[in-house]
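Have a look at the structure below, then the notes.
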Amino acid sequence: MSVRVRFAPSPTGFMHMGNARTALFNWLYARHVGGTFLLRIEDTDRERSTKEAVQVIYDSLKWMGLDWDEDVIFQSDRLDVYRDVANRLIDAGFAYRCTCTREELEAIKVRMEAETGQKRYDRTCRDKKQGPDCGEHVIRFATPITGESAFEDLIQGSILKQQEELDDFIMMRTDGTPTYQFAVVVDDEKMRITHVIRGVDHIDNTHDQLNLYRALGFTPPQFAHAPRILGLSKRKGSPSVEYYRQAMGLTREGLLNYIVRLGWSHGDQEIFSMEELIAAFDLKDVNRASGNFDDVKLAWVNEQQLRKIPLELLADYVLPYFQEKGLNPEKGPWFYRMLDVIRLRATHLGDFVDRCDYFFNDIKEYEEKAAKKHLKSAMTPVLLELADRFEKLGEWTEEAIAAVMTRLCEEKDTKLGKIAQPARVALSGCAMTPGIYETIWLIGRERTVSRLKAATQWIAENDQT
RNA sequence: GGCGCGUUCGUCUAGUGGUUAGGACGCCGGCCUCUCACGCCGGUAGCACGGGUUCGACUCCCGUACGCGCUGCCA
C-alpha cells in the first residue's frame, strides 16, 4: 500500500516554526518513499479561521517548496459527513448525547478532581440514551472504561495509557461542528492516510483517536510524534516562518536545512541539498527529545546554503533586495560573478545589496580611517601607474589584472599589500572588499581608471605629508 | 493535582553493554593571506542524580529531580 501523509494545520494567522517542521517531515517522508503528501485545513473552529490565514499557509508552504498533491481538503466543507458519522456512532452505542451545560460541567470537574484526583466528566448522560430532541446538547464518545491503550509510535516507541484515565471527550459541539479529536479520525480515514506525522503535543490524544478508530471499524494509521522545538522567544517577534524569512533574510534551503536537523540527523552530515534530504530522510532517525532553536547556528547553516546553491537561484533570491533600492542589475556573468564573491562573506540575503554599493555607484567619500592610512602622497605615482596600465591593458580579465599588479610589485620591489590596499580604498572607499582582482574586474576598466585618478586628486588636496 | 513523554559538551546531535564518548555551531589559539572573509589545523566543554541488573553500563530496569505536553464545546 502506498504511503499517504498529510499536513493538517489550523489557520491561525501564521506558520509556526514547529508546524513548518511538521510539514517538512511529512513532505520529506512522502517524497522519500514515493508517497503522497496532502494538505488539509482544520477550520472547524469558525471563530478563529479566516481566509487570510489560509492564504498564509499556502504562501509559507510554497515558499518552502513543499508542494502538496491532490486537492486541499477543508473540514468546513465536510460538516454533514461528521454529523452522519456521529449519528452512526450513537446508534451503535459508541457515543451519546450530553445535555450538561458548561456551568454544570465546571462543577462536575471540580467535584471529580476532589473525589478522584482526576479532572474528568462524570459520564452523567452516558446511560440516559437521550434522543435528538433532547434540546441543546453535545455528542460525547463513550470511552472504554477498562483495559489499556497501547501503540507503537514510529518516533517515540511504545506508548501506554490506562483507558480509565481517558475522558468521554466531546465529538460534536452544541453548534453541530466537530471537534478536532473527532474530525481528525474521520478525515484521516477518508483521505486514506497511512502515517500520521505530527507534534508530540498530540500524543495523549492518540489514545482517544485509536478508540474512535476501533469503534468505527477503521484500521488506524501509523503514528509518528515529532519532538517539540523550544526556545523560539516571543520577544524576537513571532516564532513564525514569515518572521525568519523576512527579518533574517533566509533562503528556503537554509531554513529547511536548519529546521530538519533540529530533531533529525543523518550521521555527521550538517548541510544537505533538498535532493539529499529526500534521499536521506527517514522517520527512524528522528530524535525523541525536544530541541532548542538557535539563531546562531541557523545563521551558519544559511551561510553554507548561500555558498552552495546555484548562482542563478541566488540571483532570483536577492534581486528583490536590489530592486527595493532602485537597482536593477541584469542577470548575467557580471552579476553572477559579483554574487559569487560576496556570497563568501554573506549570512543573510540582505547582505548582498548592503555590501556592493561601490560596484554600482561612484564613491561619495572615503572612509576616514582607511583614507588616512592608505591614501598618502607617496602612493600617487603607483596609483597613476596602475591607472595607466589598466587603461592600456588588452584583455579585461581577472588574470590580466592580476598580472598587471604582480608585475608592478616586482618592478617596485614591494609586496602586493602595499599596492592593493591603497587601490582598494581608491576604488571602493573602504578598506574591506572582496579580493582586489575581482573587485577591480567588477568595477570595470573605465571606472577603475577614473577612480584611481580621482584618488590621487584627493590625496593632493588632503594629504599634507 | 492527575496522567503522559523526555533528559549525551552552552546549543544541535552521533552512539544502541566493553569507544581515548564522535561530529557541528559558538568560543579560544594557529596556519593561509592583498583587506575582510572563506578554508584548513588544533584546543575548550558533556553522558541530570541515586539505586539496581551485569564480569562490565551513556547504553537495560526502578526511583528522584528537572523540562515539556495533555488534562478546552482550541487544534
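The chains referred to below are lettered A, B, ... by the order of the sequence lines, with proteins before strands, and numbering in each begins at 1. Everything quoted here is computed from the prediction, not taken from an experiment.
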Against the side chain of A:Val296, the closest entry in B:rU7, B:rU35, B:rG26 is B:rG26
Measuring to OP1 and OP2 of B:rC34, would you say a side-chain N or O of A:Arg424 lies under 4.0 angstrom away?
no
Against the side chain of A:Lys161, the closest entry in B:rG72, B:rC3, B:rC73 is B:rC3
- prompt: Under 4.0 Å between a side-chain N or O of A:Asn205 and OP1 or OP2 of B:rG4?
  reply: no
Against the side chain of A:Gln156, the closest entry in B:rG6, B:rA14, B:rG2 is B:rG6
The nucleotide from B:rC73, B:rC34, B:rU7 with an atom nearest the side chain of A:Leu416 is B:rC34
Query raised in the report: How are the rings of A:His266 and A:Trp264 set relative to one another: parallel (under 30°), tilted (30 to 60°) or perpendicular (over 60°)?
Result: parallel
When we call it a touch if two heavy atoms are under 4.0 Å apart, what does A:Gly435 touch: a base, just sugar-phosphate, or nothing? base
Quiz item: Checking only heavy atoms, does the side chain of A:Gln118 share a donor-acceptor pair with the base of B:rG1 at less than 3.5 Å?
Solution: no
* To do: Look at the aromatic rings of A:Phe281 and A:Phe25 and report parallel, tilted or perpendicular, splitting at 30° and 60°.
  => tilted
Among the nucleotides B:rA75, B:rU11, B:rU35, whichever has the atom closest to the side chain of A:Thr44 is B:rA75
Testing B:rU13, B:rG72, B:rG6 for proximity to the side chain of A:Arg288, the answer is B:rG6
**OP:** Give A:Pro434 one of three labels, base, sugar-phosphate or nothing, depending on what nucleic acid heavy atoms sit under 4.0 Å from its own.
**Re:** base
Per atom distances to the A:Leu262 side chain, the nearest of B:rC12, B:rC36, B:rA14 is B:rC12
Note to self: Roughly how many Å apart are B:rC28 and B:rA37, using the P atom of each and rounding to a whole number?
What the structure shows: 12 Å
Across every strand shown, the nucleotide meeting Watson-Crick or G-U wobble geometry with B:rG1 (both distances under 3.5 Å) is B:rU71
Could you give me the CA-CA distance, side-chain angles and deciding distance for A:Asp294 and A:Tyr258, then say whether side chain to side chain contact (heavy atoms under 4.5 Å, CB included) is met? CA-CA 9 Å; A:Asp294 179 15; A:Tyr258 175 71; 3.6 Å; yes
(Q) Work out how far the P atom of B:rC49 is from that of B:rU7, and round it to whole angstrom. (A) 14 Å
Of the listed B:rA75, B:rG4, B:rG72, the closest approach to the A:Asp204 side chain comes from B:rG4
Phosphate-side-chain proximity, A:Ser10 and B:rC74, N/O vs OP1/OP2 below 4.0 Å
no
Classified by glycosidic angle (syn within 90° of 0, else anti), B:rC38 comes out syn
Picking from B:rC68, B:rG26, B:rU35, the nucleotide nearest the side-chain atoms of A:Arg228 would be B:rC68
Which of B:rU35, B:rA75, B:rG72 is nearest the side chain of A:Lys109? It is B:rG72
